[in-house]
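Only heavy atoms go into these numbers, but all of them, side chains included; no hydrogens, no water, no symmetry mates. Each chain gets a letter, A, B and so on, in the order the sequences are listed, and its residues count up from 1. Quick caveat, the model's predicted, so the values are computed rather than measured.
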Protein chains: 2
Amino acid sequence: MHTNKNCIQRMSRYRNALNRFKGLGFSKIFSNYLADAVGSTSSQVRKDFSLFGIYGSKRGGYSIDCLIEQLNEILGKNELQKVVLAGFGNMGAALVRYKGFSKEGISILAAFDIDPAKYNKRINNIEVLPLDRLQPFVQEHQIKIGILGVPEIAAQHVLDLMVAAGIRGVLNFAPIQLKCPAGCVVNSVTLEHELENVIYFVNANEKTEGVAA
Amino acid sequence: MHTNKNCIQRMSRYRNALNRFKGLGFSKIFSNYLADAVGSTSSQVRKDFSLFGIYGSKRGGYSIDCLIEQLNEILGKNELQKVVLAGFGNMGAALVRYKGFSKEGISILAAFDIDPAKYNKRINNIEVLPLDRLQPFVQEHQIKIGILGVPEIAAQHVLDLMVAAGIRGVLNFAPIQLKCPAGCVVNSVTLEHELENVIYFVNANEKTEGVAA
DNA sequence: CTTTTAATGTGAAAAACATCACAAATCTAT
DNA sequence: ATAGATTTGTGATGTTTTTCACATTAAAAG
């Protein structure tokens, strides 16, 4: 199958929008409305669905329940997703409190840090444990997914620990390129880079508008 | 010029890596080392630079100082970037404390919220003000960039306020597609979707490995 | 000074991705 | 039942992005 990161991101957005449509009482939807809701085009929507073997009915559109169910399956929403968090600093503490994860069936089972001052804190019933307990914890709970909220300097080391423990995919917030073995996935989100992006395009717009005016 | 989001993201990463190389005492660099450092290829690096009129010397590579300076110019690093934040919830509070922004010359000048219980809190010398003071504040300080850390339900409304006040680019954390007039930029980062992405590819890997084994 | 070596810069080629456009299907109205 | 309207599913087409490959150039060695 021919999927990429953007495509899966769109799947998440479709699912999100569909839940809103469902909440509004709709039971069927056409590709163009869904496209509008996520800022895409109807052919893109249909292509994406076709890629995953998701079919609607001609003239009748797609059943929202049916779509959501299939997207749930694709995105792993039919089981609770167990996650560990490394790094209980500013970012880590915020992620533990973040409602979006639990709302989406993602559960941070524990947080890990090297700073003893943080041990045994409990937020949202999530405990902070010493980093050296990460490996047994991950193995015991059969966890595949990790979140890296540690400083840049420690990120590669902690990622290596995670991978050694059995983690197969990581969401990383450190502004650095991480190396991991084949078969493992790292998705890096760097907030300062995301903001730099906005700044760049705002400046670029200003320049071209200046030319146009 | 022909740039896109990914391209600018790479620019941010190049800059990051170059600062590390500089910190290690290097003064020149070749495209292949830089590529390694950011997880790209040497031809991609050279194409990117060429696109922005950044040139090295054949056989001699690129001067790190010179590169950093040009990337600073492109990414707006030569001036302090003033930003406002809307929404002082869990995410907003974390962003105010986030070191990565100030480290990169991004300064959140004030935060805004509708909840009076949050007014006049001060963290990192950033004050929380009533949302209706956003417009005069933005105009007075000539701010072009905003961060949206408000709940999904409020996001479009607050974005409209920002745009009316003169904000031209927004980093949005709400899991929803926002509409804004032409000439404005919205970059949405949805943490739960980023994690869903990781989960999807981990599952996908497991399946294909199962087949291969 | 000349030769050798090694890295850049960039058209050309390839790959990845998105859009178009239309046949096929099916719902609605008569 | 039949006709008409409308939406899907998908090959074909177009566009964007990445990779290739090599002429060009500059450093280093002889």
message = In this structure, how many angstroms lie between the P atom of C:dT10 and the CD1 atom of B:Ile54, rounded?
response = 13 Å
message = Check whether A:Asn187 reaches the backbone of B:Glu194 with its side chain - one donor and one acceptor, N or O, closer than 3.5 Å.
response = yes
Grab the N/O contacts between the protein and nucleotides 10-12 of chain D below 3.5 Å, and write none if there aren't any.
unit_1, atom_1, unit_2, atom_2, d
D:dT10, OP2, A:Ser50, OG, 3.1
D:dG11, O6, A:Lys47, NZ, 3.1
D:dA12, N6, A:Lys47, NZ, 3.4

ask   = Any luck finding a side-chain donor-acceptor pair between A:Gln9 and B:Glu196 under 3.5 Å?
value = no
What are the atom names and distances for every N/O pair under 3.5 Å that joins the protein to nucleotides 4-6 of chain D?
unit_1, atom_1, unit_2, atom_2, d
D:dA5, N3, A:Arg59, NH1, 3.2
D:dT6, O4', A:Arg59, NE, 3.3

ask   = Would you say D:dT17 has OP1 or OP2 under 4.0 Å from some side-chain N or O of B:Asn4?
value = yes
message = Do the side chains of A:Glu104 and A:Arg15 get close enough for a salt bridge, i.e. N-O under 4.0 angstrom?
response = yes
ask   = Any donor-acceptor pair under 3.5 Å linking the side chain of B:Gln156 with the backbone of B:Lys179?
value = yes
query = Going by atom types only, do A:Ser188 and A:Asn172 share a side-chain donor-acceptor pair under 3.5 Å?
reply = yes
task = Tell me which nucleotide among D:dA27, D:dG9, C:dA18 gets nearest to the side chain of B:Ser57.
result = D:dA27
remark   = Rounded to whole Å, CG of A:Leu67 lies from C1' of D:dT8 at a distance of 12 Å
key: A:Asn6/A:Arg10 under side chain to side chain donor-acceptor pair (under 3.5 Å): CA gap, chis, key distance, verdict   = CA-CA 6 Å; A:Asn6 285 337; A:Arg10 286 195 299 268; over 6 Å; no
message = Categorize B:Thr41 for me: base, sugar-phosphate, or nothing, with a 4.0 angstrom heavy-atom threshold over every strand shown.
response = sugar-phosphate
ask   = Are A:Tyr14 and A:Phe49 near enough that their ring centres are under 6.0 Å apart?
value = yes
task = Check the distance between C:dT19's C1' and A:Arg10's CZ and give it to me in whole angstrom.
result = 12 Å
inquiry  = Could you check whether B:Asn90 and A:Tyr98, counting side-chain N and O atoms only, form a donor-acceptor pair closer than 3.5 Å?
reply    = no
query = To the nearest Å, how far apart are A:Asp36 CG and D:dT7 P?
reply = 13 Å
query = Can you check the A:Asp48 CG to D:dG9 C1' distance for me, whole Å?
reply = 13 Å
key: Criterion side chain to side chain contact (heavy atoms under 4.5 Å, CB included) on B:Ile167 and B:Lys144, from CA distance to verdict   = CA-CA 4 Å; B:Ile167 293 288; B:Lys144 294 275 187 298; 5.8 Å; no
key: B:Asn205 side chain to A:Gly183 backbone, donor-acceptor under 3.5 Å   = yes
task = Pick base, sugar-phosphate or nothing for A:Ser31, based on heavy-atom distances below 4.0 Å to the nucleic acid.
result = sugar-phosphate
inquiry  = Distance check needed: D:dT18 P versus B:Lys5 NZ, whole Å only.
reply    = 14 Å
Donor-acceptor contact present, side-chain B:Asp113 to main-chain B:Gly87, <3.5 Å = no
ask   = Within this structure, what is the CG-to-P distance between B:Asn32 and D:dT19, rounded to whole angstrom?
value = 15 Å
task = Ignoring backbone atoms, test whether A:Gln44 places a side-chain nitrogen or oxygen under 4.0 Å from the OP1 or OP2 oxygen of C:dC17.
result = no
query = Within the pair A:Tyr62 and D:dG9, is there a side-chain N or O less than 4.0 Å away from OP1 or OP2?
reply = yes
message = Tell me the interatomic distance from B:Lys28, atom NZ, to D:dA27, atom C1', rounded to whole angstroms.
response = 8 Å
ask   = So what stems show up for DNA chain D if we need 3 or more Watson-Crick or G-U pairs in a row, all under 3.5 Å?
value = C:1-30 with D:1-30
request  = Output, in order, the C-alpha distance, side-chain angles, deciding distance and verdict of side chain to side chain donor-acceptor pair (under 3.5 Å) for A:Asp36 and B:Gln177.
outcome  = CA-CA 9 Å; A:Asp36 273 4; B:Gln177 173 69 22; over 6 Å; no
